[in-house]
Structures are given as structure tokens and as C-alpha cells.
There are 2 protein chains.
Amino acid sequence: MSEEKTSQAAIAYDLLKADIINGAHRPGDKLLMSHLKTQYDIGAGPMREALSQLVSERLVTAISQRGFRVAQMTQEEMEDIYDARAHLEALIVRLAVERGDEQWEAEVIGKAHTLARVDEINSAEDMLNIWDMRHKAFHLAIAKGCSSPKLLEMRAALFDQAERYRQLWLKQTVFSQSALAAKREEHQALVDALLDKNAERASALMYAHLMSPVSIISELIAEN
Amino acid sequence: MSEEKTSQAAIAYDLLKADIINGAHRPGDKLLMSHLKTQYDIGAGPMREALSQLVSERLVTAISQRGFRVAQMTQEEMEDIYDARAHLEALIVRLAVERGDEQWEAEVIGKAHTLARVDEINSAEDMLNIWDMRHKAFHLAIAKGCSSPKLLEMRAALFDQAERYRQLWLKQTVFSQSALAAKREEHQALVDALLDKNAERASALMYAHLMSPVSIISELIAEN
DNA sequence: AAATTTAAAAATATCTACATTTTTATGTTT
DNA sequence: AAACATAAAAATGTAGATATTTTTAAATTT
């Protein structure tokens with residue numbers, strides 16, 4: 001989905017996806033064509049194309065002749081996504097340890113360092129965005145070691161589906177010193193296992209790392 | 001992608017996908033809008049929607065303002081898809097053994113039986129289709145044991161991407177008694193491992209089972 | 001004369017505005 | 001109150017307009 005594109009459909013896709021993930025369009029909301037057209041100033045055709053894409057990514061649901069809605073967020077879906085994602089990422093990390101070269105190790109260590117240095121930032125607003133960006137970059141650097149475009153694609157797809165749930169967790173975590181410290185330790189343990197070329201240990205740590213937010217998110221969903 | 005839908009876009013999607021997989025549209029072919037419109041008697045809007053879907057499934061490529069082409073088939077992509085798929089399916093089968101219940105076991109045994117009985121069919125033409133259908137059903141029955149909709153989705157996505165390559169292999173296999181017999185043994189060993197609740201063994205067998213076509217497909221690609 | 005550049009024409013992709021069909025809401029009748 | 005009819009709203013599709021790219025031909029340069 002990434003070309004140098006300026007088609008109306010591509011613009012609509014990006015805007016809409018962002019607004020669904022950041023909650024501007026809430027789960028269950030009806031995505032009225034007339035409203036979307038005026039909101040984004042994009043015609044019905046390209047808008048349909050964008051919506052259709054998002055349906056296949058499970059962020060939007062469609063019923064024939066009855067339009068589109070923002071996909072619901074449910075406890076069950078969250079647990080499934082997180083479980084699937086953790087298992088997939090555990091697989092990927094195992095392959096990464098087996099297949100990753102020195103260049104890969106260097107990248108991982110670099111990103112780990114950048115992430116660890118994030119507590120030197122003061123502004124609370126920036127903090128969330130910067131930590132999130134670097135955290136993502138760190139994990140992506142690890143995953144890339146598997147050298148499988150297709151596995152990385154699947155990973156990205158599951159990541160997008162997790163993103164709305166993940167946002168809930170992020171706010172809780174980034175503004176808690178203890179939670180951040182815990183994450184820092186998990187990351188360090190992960191890096192140690194990677195450098196040890198201990199695939200099984202790295203894989204197990206990654207699974208645990210990705211599953212740890214589940215109980216917190218679970219509570220946050222229940223509260224709403 | 002499965003509702004009770006009769007929208008033009010959905011029809012276009014199904015037809016186009018089928019024609020790409022069965023080779024009516026060859027890899028690299030330009031998918032000319034004017035041609036597609038007349039061929040399928042569907043307007044440009046819905047057709048774009050369908051094409052756009054297929055781009056996200058990697059069966060079609062798009063360049064902005066320059067239209068759509070059938071995605072190329074390459075050695076590298078084939079190896080990546082098969083490797084990713086085998087690893088994913090190995091993961092799924094491990095989970096299936098751990099999570100599957102009696103109902104699941106019964107389904108698997110049923111499908112295995114139906115598949116084994118396929119050599120009673122005479123017509124060569126039917127043979128390919130029937131064996132393929134039952135083979136797919138057998139593997140799907142196994143996979144369902146993992147009880148994860150998301151993992152099954154990812155599995156299906158990779159399956160669709162493999163399908164064009166798989167078609168090459170299928171013709172070689174189904175019409176060779178020895179190849180069929182080999183597959184029959186692999187399936188039997190797999191079922192035995194499943195019933196033994198031997199997750200690691202089942203997982204390893206599944207990986208090998210899915211990787212075994214790679215060398216044959218590799219040669220077939222090289223020939224073209 | 002061959003190669004390269006430029007300009008015009010044709011082909012093509014993409015978008016917008018309008019038309020059609022279907023669904024939903026409202027009001028009416030039994 | 002249930003069933004039906006009517007009107008409004010909305011989704012979907014079509015056809016034509018617009019913008020971009022590709023091709024073709026001519027003109028210029030080497």
C-alpha cells in the first residue's frame with residue numbers, strides 16, 4: 001500500500017485509517033457516505049475504495065446496501081489479536097536469531113539504545129509519541145532479522161489490527177515510571193537473549209512481553 | 001470478504017481473482033481498465049475497488065496514474081511465501097494439538113478418511129479438482145483446532161498468495177501415483193502425531209509437508 | 001544520417017456529478 | 001397495535017469530464 005501515490009483513494013485511506021485508530025471515529029459508528037464526503041472533501045468513488053480496503057483489514061465492517069461502520073472493539077477480538085500476534089512475533093524472533101547477521105545485531109542494539117534514552121525527554125505530550133515511535137522501531141528492527149517479507153507483512157497486518165487496543169495501554173504505560181521501568185527490563189532481557197543467540201529464550205521472552213498488556217487492556221475495555 | 005453480497009465490486013473481485021489464479025490473466029499482464037470493463041461488463045468504479053483489494057492481497061500491483069498489472073511470479077517470492085506459510089502452519093498445528101477438543105479430532109479424522117478415499121475416482125479431470133478440494137478441507141480441519149480466527153485469517157491470506165504457485169505443483173502431483181502415495185503417507189503420519197497429542201512432532205511434520213513442493217515448483221518456474 | 005529533443009496526439013487512469021436502486025423512517029389504514 | 005403504503009435518506013452504479021501518461025511524429029542537434 002505504499003507507492004508514491006496521491007490518488008484520492010489513497011488519501012482517503014490514510015485519513016480514514018488514522019481517524020479510526022485515534023478514535024475520531026468510534027467503534028460502531030456509522031460511516032455515512034455523505035458525511036465522509038464533506039468531511040474529507042473526497043468523492044464517493046474513491047471513498048468507497050478506501051472503505052473497502054479497511055474492511056479487508058478488519059478496521060471497518062460493511063453490510064451490502066447498508067453501508068459501512070467502524071469495527072467494534074471486543075474483549076474476544078483483543079485477546080485473539082494479542083495471542084496471535086504474540087505467537088507470530090515469537091516465531092519471527094526465533095527465526096531472526098537463527099538468520100540475523102551482524103548488521104542486524106547492530107541495528108537492534110542501536111534502536112535499543114535510542115529507546116532507553118527516551119526518559120531524558122521532559123515534555124509529557126512528546127513523551128508518548130516519541131517513546132511509541134522508538135518502541136515500534138526497536139521491535140521492527142528485531143523482526144527484520146527473520147528476512148521474510150511475507151512474515152513481516154503478516155506481522156504488520158496484525159499490528160494494525162491491534163493498534164486501537166494498544167493505544168489504550170500506551171497511555172497507562174508511558175506515564176507510569178514503574179511500568180516504563182518494567183518494560184525497560186524486558187527489553188534488556190530480550191536483547192541479551194538475542195545477542196546470546198538463544199532463540200528459544202528470546203522467543204519465550206517476546207511472547208511474554210507482547211502478552212503482558214492483555215490484562216490491563218482487558219480492564220480498560222471492561223470499564224467502558 | 002464473505003457476506004451475502006452481489007455488489008458489482010464483489011463480483012468483479014471474485015471473477016478477477018479467479019482469472020488471475022487460474023492464469024487467464026498472466027503474471028505481468030497489464031490490466032487495462034477499458035478491457036476489463038468490457039470483459040466483465042462492470043463499470044470502472046467497482047472495477048477499481050476490486051483491483052485495489054487485490055493489490056492489498058499482492059495478486060495485483062498498482063502504480064499511480066499508470067494502472068494495474070498482474071503481480072509477477074518469482075522464485076524469491078515463491079520461496080518466501082512457502083517458508084512463511086510452512087512456519088505459520090507449523091505454529092498453528094502446534095496450537096491445534098494443545099487446544100483441539102474431541103470434536104476437532106473427529107473432524108480431522110473424517111476429512112482424512114474422505115481424502116484417502118479419493119483414489120476411487122476414475123475421471124482424470126474430476127480427480128484434480130476433487131483431490132484438491134478434499135486436501136484443502138483436510139488441512140483446514142486441522143488448522144481450525146488452533147481456535148484463533150486471526151491466525152486462520154493470516155493462514156488464508158498466505159494461502160491465496162501461494163495459490164498460483166501451488167497450481168503448478170498440483171498438476172504434477174495429482175497425476176502421479178507415486179507422488180500421491182507419498183502425500184498419503186505424510187498425511188497419515190500427521191494424523192498419527194495429532195492423535196498422539198505430540199505437538200512438536202506434528203508441527204515438524206507439517207513444516208516438512210508444506211515445504212516438500214518447493215523444489216518441484218522451483219524447477220517448474222525455471223522452465224518457463 | 002543517426003541520435004536526441006520537442007511538440008502534438010492518442011490512449012488511459014482517475015475523478016466528479018448525476019441517476020438508480022435499496023433501505024429506513026414516517027404516517028396511514030385496518 | 002399490526003400491516004401496509006408513502007416519503008425521505010442513503011448506498012451503489014453509470015456516464016461523461018478531466019488530468020496524466022504514453023505514443024507518435026516532427027524538428028533539432030551531433
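The analysis underlying the following values was restricted to heavy atoms, covering all of them including side chains, and did not include hydrogens, waters or symmetry mates.
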Taking atom P of D/dA8 as reference, at what distance in whole Å does atom CG of A/L32 sit? 18 Å
Considering every strand and a 4.0 Å limit on heavy-atom distances, what is the contact class for B/K37: base, sugar-phosphate, or nothing? nothing
Spacing of B/E49 atom CD relative to C/dT14 atom P, expressed in whole Å: 14 Å
Between D/dA10 (C1') and A/R48 (CZ): distance, integer Å: 12 Å
Taking 4.0 Å as the cut-off, does a side-chain nitrogen or oxygen of B/R66 come that near to OP1 or OP2 on D/dT22? yes
Basic-acidic side-chain contact under 4.0 Å: A/D160, A/K136: no
Give the rounded distance in Å between these two atoms: NE2 of A/H35 and C1' of D/dA11. 17 Å
Taking the nucleotide of DNA chain C with the closest heavy atom to each, which residue, A/A44 or B/L31, is nearer the 5' end? B/L31
Between A/E89 and A/R155, is the salt bridge (Lys or Arg N to Asp or Glu O under 4.0 Å) condition met? List the steps. CA-CA 7 Å; A/E89 193 93 22; A/R155 174 184 183 271; 2.9 Å; yes
Between A/T114 (side chain) and A/A112 (backbone), is there a donor-acceptor pair under 3.5 Å? no
Nucleotide D/dG13, atom C1' - distance to CE of A/M33 in whole Å: 12 Å
Measure CG/B/D41 against C1'/D/dG13 and give the value in whole Å, please. 12 Å
Report which part of the nucleic acid B/I42 touches: base, sugar-phosphate, or nothing (heavy-atom distance under 4.0 Å, all strands). nothing
Going through the checks in order, is the salt bridge (Lys or Arg N to Asp or Glu O under 4.0 Å) test met by A/R58 and A/E77? CA-CA 11 Å; A/R58 304 285 185 255; A/E77 194 204 28; over 6 Å; no
Does a side-chain N or O from B/Q65 land closer than 4.0 Å to OP1 or OP2 of D/dT22, or not? no
Does B/K30 place a side-chain N or O at less than 4.0 Å from the phosphate oxygens OP1/OP2 of D/dT22? no
Euclidean distance, atom CD of residue B/Q8 to atom P of C/dA19 [Å, nearest integer]: 19 Å
Output the rounded distance in Å from OH (B/Y13) to C1' (D/dG13). 21 Å
Step by step, would you call A/D132 with A/K183 a salt bridge (Lys or Arg N to Asp or Glu O under 4.0 Å)? CA-CA 12 Å; A/D132 191 27; A/K183 284 296 144 191; over 6 Å; no
